[in-house]
Every structure is written in structure tokens, then in C-alpha cells.
Protein chains: 2
Amino acid sequence: MSKVDKEDIIRAAEEVLREKGARRLTLDAVAARCGLSKGGLLHHFRSKQSLLQAMLESAIASEEALAAEYAANHENSVLASRIYSAFALMQDEKQLPRALIAAVAEDPALLEPIKAKEAKIRATLSEHCRDPELALLLILATRGLFLGRQFGVLDPDDPIFTQLRERLLNLAAELE
Amino acid sequence: MSKVDKEDIIRAAEEVLREKGARRLTLDAVAARCGLSKGGLLHHFRSKQSLLQAMLESAIASEEALAAEYAANHENSVLASRIYSAFALMQDEKQLPRALIAAVAEDPALLEPIKAKEAKIRATLSEHCRDPELALLLILATRGLFLGRQFGVLDPDDPIFTQLRERLLNLAAELE
DNA sequence: CATAACCGACCAACTGGACGGTATGTTAAC
DNA sequence: GTTAACATACCGTCCAGTTGGTCGGTTATG
């Protein structure tokens, strides 16, 4: 049996979440999913909350890394890098940050870190973009797509994802 | 004691949802909230799922009514009416359609009607707007705001709500 | 008109299962 | 032999849904 680490558990939790919905994201289900007993799972995460927190942090870190990578290769891309990272996160089926849904369902207070990050991004936009309001609008549209996909309201294969990705990145380029 | 009807129960459920989060949206809590026993509640809704379904339908109906009202007073406002209705729904604290969150948490399949409505709106946009892609983008930005607020990621008093509302409606007017 | 039959709205008590968390091993590495 | 990484077996709670009944009103009947 292959060793299991926290990363594996987070992946497993995301899969359970995707397949069964937030309500059925149980410790038993996650444990079973990654071939662990519940005791073993709780050895890695002391409580369900701490697992959810880790899921959120993992999602944020992924997004941050993707944005940084893009920004490193493109000048003046504060806005574009955020759009890019959101789309990249979406496409990566393995690391779907559905944690959002579960966190909101379980305890809205878990969203504090997201709220903080949100404020930071907006501050940066105000500084670097000609039209911060429009810039924010593009970010919001991206999030609309993002959440629509996470929620299953939009078909993941819908061509609008690639269409709007291009469009949004073009519009972003004009703003910075 | 005042009679209780389905509408009252849906309101009560929305209040519980807003105050305690999706995880604690229980039949007991809803029953207590509207001064009913659980048995009485289940007399009106045969199951929790059917209550959630009704909550969603109620939210959809509200949105539809608001959009229709706006469209009746404005020519060529297929897009604008949708933006208007979303903002109006947001502002109405009594009828917050948090049902979305609860539904996703409980069973993603409950979102089918929303998915269907979504497709219909997009079809209409394609027909009536000069630039359907951009129109959809505006809708998505609106939804980004909407969900951000529902999730508690955005502060309800944030001035961007009114700012972006104006901006979005102006942009919409240029498209149709 | 009286009353029996019925019905919708509602309640209190309960059941069975799910679920988060704990307590207590067991095993293997260092 | 101590610690990390698990497993097994529980416990207490919460919760959806069931059951069996009450009570007020309406309708049908004689």
C-alpha cells in the first residue's frame, strides 16, 4: 500500500466533493477514498474543519502560483495573470477548488482568508490599471464563469470557456 | 395562531440559511423558525429535497418577475433586464436566494432547473444582442457579484455594488 | 337541524442511520 | 523503546423521516 500524505487526502476530499456534493463530504468517505481508515485520516487532520481549511489553503496556493508564473512571463499583467490563473485552475480537474462550496456549507467563517485575498487583489488593481472599475468587472466575469463551472451550472466542455478566455485576456491587455 | 403556508416556510428556511449556514439548515430549525412542529412542516413538504426545490423555484420565479417588470418598462432590454433583476434580488434581504448554496450542498442535481434557465437566457442573448459574447460577459460579471455577496466574500455595503450596477447597465444599453 | 363521516393541518414521540470524534490497539522505522 | 503512521471499535449527537394521534372545520345524510 502506497503511503498517503496530506496532499493525497486533499485530492481525495476534492473528488468526494465533486462526486457526491458537499453534504456527503464526510470523513468516512474521504478516508475510504484514499484507502485509509478514519483514524488514519484524523491522524493527518485533527478535525473536519482543519481538513477544509487545508483544502482552501491548497486552492489559494495553487491560484497564487499560477498567477505568479504568468506574471513572471508577461510585463504589466496584474489583471491578466488573475484571469489566466482562474482559467488554469478551472481546467485542472484534479485540483478543483470545490473546497469553496464545502466551506460555505460547513462554516462561512472559513472564507475569511478568501475575503482577505480578494481585498488585496482589488487594491492592486486600483494601483495598476487605468480603469479599475472595468478591471474588477473582468475579474468578476471570470469568477462568474469559475463558479458556474464549479456549481455544475455550466457544461465544462462549453466552448464559451475558451472564447471568453481569449476575450477577457484581450480586454485585460488594453487596461494595463 | 396564524396559519402557516408554503411561502412562510420558504421564508423561514431562507432565514435559517442566512443565519446558520447551509450545514445547519435542518427541518427542525425551519419548523421552529415558523412555529411549526417537524411533522407539520413535513405535511407541507414531503421531504427536505422538496423544500429545497421549492426554495429554488421561488428564487427563480422572483428573478423572472423582476426581469419581466423591467423589460415591460424598457424597450430592447433583454440583457439589461437580467442585470437589473440580479441586482434587485441581491438587495432584497428578505428573499435572498441562498437556496443555491443549500441546494448545491445537499444535491447538485437540484440545480438542473437553473442550468436550463441559463441556457434559455443565453439563447435569447444571442438573438437580440449585437455582441452576444460581450453580453454574456456582462451577465457573468453580474453573477460574480451576486455569488460573491451570497457567499459572504463581498461586503454587502461595498460601494462597488452601486458603481458596477450603473456601469453594467450602461454597457448593456450599448449592446441592444 | 343534528350528527355522522371525513379531511386538512398540525403535533409529540420515536426510529434508524449517519457522522464527527475518541480511545485503544498494532506495526514498523529509526 | 520511542515515535509516526496507521487500524478497529466505539460513543454521543444530530437529523430526516415515520407513526399515530388531536382538533377544528366542512360536507353529506337522515
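Protein chains get the first letters and strands the later ones, always in sequence-line order, with residue 1 at the start of each.
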Inset, instruction - Of all the heavy-atom pairs spanning B:Ala29 and B:Arg24, show the shortest one and how long it is. - result: CB-O, 4.1 Å

Legend entry - A:Ile9 CD1 - D:dA5 P separation (whole Å): 11 Å

Inset, instruction - Establish, with yes or no, whether the OP1 or OP2 oxygen of D:dC6 is under 4.0 angstrom from a side-chain nitrogen or oxygen of A:His44. - result: yes

Inset, instruction - Can you sort out the partners of B:Phe161 under ring-ring contact (aromatic ring centres under 6.0 Å, His included), two or more places apart, ordered by chain and number? - result: none

Legend entry - Whole angstrom value for the distance that separates C1' of C:dG21 from CG of A:Leu36: 16 Å

Inset, instruction - Under 4.0 Å between any heavy atoms, over every strand shown, what does A:Leu41 touch: base, sugar-phosphate, or nothing? Just pick one. - result: nothing

Legend entry - Residue pairs, two or more places apart or on separate chains, that pass ring pair (Phe, Tyr, Trp, His ring centres under 6.0 Å) and touch residues 28-76 of chain A: A:Tyr70-A:His74, A:Tyr70-A:Tyr84

Legend entry - Short side-chain N/O contact to C:dC10 OP1/OP2 from B:His43, under 4.0 Å: no

Legend entry - Summary of protein contacts for nucleotides 14-20 of chain D, nucleotide by nucleotide, where a base hit scores B, a sugar-phosphate-only hit scores S (4.0 Å, heavy atoms): -SBBB--

Legend entry - N-O pairing of A:Arg143 and A:Glu118 below 4.0 Å: yes

Inset, instruction - Flag the pair B:Glu14 and B:Arg33 as a salt bridge only when some basic side-chain nitrogen lies within less than 4.0 angstrom of an acidic carboxylate oxygen. - result: no

Inset, instruction - Mind listing the closest non-hydrogen atom pair of A:Pro132 and A:Leu125 along with its distance? - result: CB-O, 4.3 Å

Inset, instruction - Send over the distance from A:Lys6 NZ to D:dA5 C1', rounded to a whole Å. - result: 12 Å

